[in-house]
Amino acid sequence: ENTAPFIQGEWCFAHNGTINRFNEKVEGLLGTTDSERLFRLLLQEKESNGCSIEEAIAKTVHRVGNSFTYSSLTFLLSNGEHIYAYREYSDPRKSDYYNLMYARDKNMVILSQEPIWFRDWVPILNKNLVTIGGDLRICSQYMT
């Protein structure tokens, strides 16, 4: 229950980082990690406000980022149809550690923290959300 990926319904989630003293009340926690709490909070935001997953991500990272100290809010989230890759780190000196990038190939998009194989890797910038659809279309947006 304390190991990623965390799964709820159609959603699968993995987070890299630490959120200090993260005590937000959320329902359905199975374990004790800040990662699972972030995941459940994000889904709770989506369900309780009836908003899109992109809006829930924006609201959740804004709320958590303004209320708690953290090393990184970087995560991957998927519902089996789309992958949402979000990168946010608090200390620019640790940007390499909390790296996230993607490479497009003919039949796939690869997400990685380090460049593997010989591909044209595109870094995901700090506070950016990259959405990858089933058609392999990639959209990037800055989250304020």
N/O donor to acceptor pairs below 3.5 angstrom from side-chain atoms of residues 14-21, sequence neighbours left out:
from : atom 1 : to  : atom 2 : distance (Å)
H15  : ND1    : S35 : OG     : 2.7
H15  : NE2    : S72 : O      : 2.9
N20  : ND2    : T69 : O      : 3.4
N20  : ND2    : T69 : OG1    : 2.9

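The two residues A56 and E45 come nearest to each other via the heavy atoms CA-CG, 3.9 Å. Looking at every heavy atom in both residues, R37 comes nearest to L29 through NH2-CD1, 3.3 Å. A pairwise comparison of heavy atoms in A58 and M143 identifies CB-SD, 3.4 Å as the closest pair. Minimum interatomic distance between M101 and P123 (heavy atoms only, all atoms of both residues): CB-CA, 3.9 Å. A pairwise comparison of heavy atoms in P92 and S90 identifies CD-O, 3.6 Å as the closest pair. Smallest separation of non-hydrogen atoms from N99 and Q113: O-CG, 3.2 Å.
The distance from atom CZ of R40 to atom CG of L42, rounded to the nearest 0.5 Å, is 11.5 Å. To the nearest 0.5 Å, atoms NZ (K46) and OG (S52) are separated by 7.5 Å. With rounding to the nearest 0.5 Å, the separation of CG in D34 from OG in S71 is 8.0 Å. A distance of 10.0 Å separates CD1 of I53 from OG1 of T131, quoted to the nearest 0.5 Å.
The main-chain N or O of I57 is never found under 3.5 Å from a side-chain atom of T60 such that the two would form a donor-acceptor pair. Side-chain atoms of N2 come within 3.5 Å of backbone atoms of T32 as a donor-acceptor pair (strictly under, hydrogens ignored).
For Q44, the side-chain contact (heavy atoms from CB on, under 4.5 Å) partners at least two apart in sequence or on another chain are V26, E27, L41. Remark: E47 pairs with no residue by the side chain to side chain donor-acceptor pair (under 3.5 Å) rule, at least two apart or across chains.
Residue pairs meeting the salt bridge (Lys or Arg N to Asp or Glu O under 4.0 Å) criterion with at least one partner in residues 88-101, sequence neighbours excluded, are D91-R93. Listed by first and then second residue, the salt bridge (Lys or Arg N to Asp or Glu O under 4.0 Å) pairs involving residues 132-144 are D135-R137 (not counting sequence neighbours). For residues 20-56, the set of pairs meeting the ring pair (Phe, Tyr, Trp, His ring centres under 6.0 Å) definition, not counting sequence neighbours, comprises F13-F39, F22-F68. Annotation: salt bridge (Lys or Arg N to Asp or Glu O under 4.0 Å) contacts involving residues 107-127, sequence neighbours excluded, comprise D105-R119. Sorted by first then second residue, the salt bridge (Lys or Arg N to Asp or Glu O under 4.0 Å) pairs that include residues 74-87, not counting sequence neighbours, number zero.
Two different hydrophobic clusters hold W121 and Y86 under the rule that ILVMFWY side chains link at heavy-atom gaps under 4.5 Å.
Hydrophobic clustering, defined by side-chain heavy atoms of Ile, Leu, Val, Met, Phe, Trp and Tyr closer than 4.5 Å, leaves F118 isolated from every other such residue. Under a 4.5 Å side-chain heavy-atom criterion applied to ILVMFWY residues, the cluster that includes L125 comprises that residue alone. Summarising the hydrophobic clusters (Ile, Leu, Val, Met, Phe, Trp, Tyr; side-chain heavy atoms under 4.5 Å, direct or chained), the residues clustered with Y98 are Y89, Y97. Other members of the cluster containing L111 are L76, I83, L100, Y102, V109, V122, I124, V130, I132, L136, I138, with ILVMFWY side chains joined at under 4.5 Å, either directly or via other members.
Each of L30, T33, L43 was scored for a side chain to side chain contact (heavy atoms under 4.5 Å, CB included) with F6, with one residue passing: T33.
For the pair E55 and K59, the salt-bridge criterion is not met [side-chain N within less than 4.0 Å of a carboxylate O]. Ion pairing between R63 and E24 holds under the 4.0 Å rule for side-chain N and carboxylate O.
Between V61 and Y70, every side-chain heavy-atom pair lies at or beyond the 4.5 Å cut-off.
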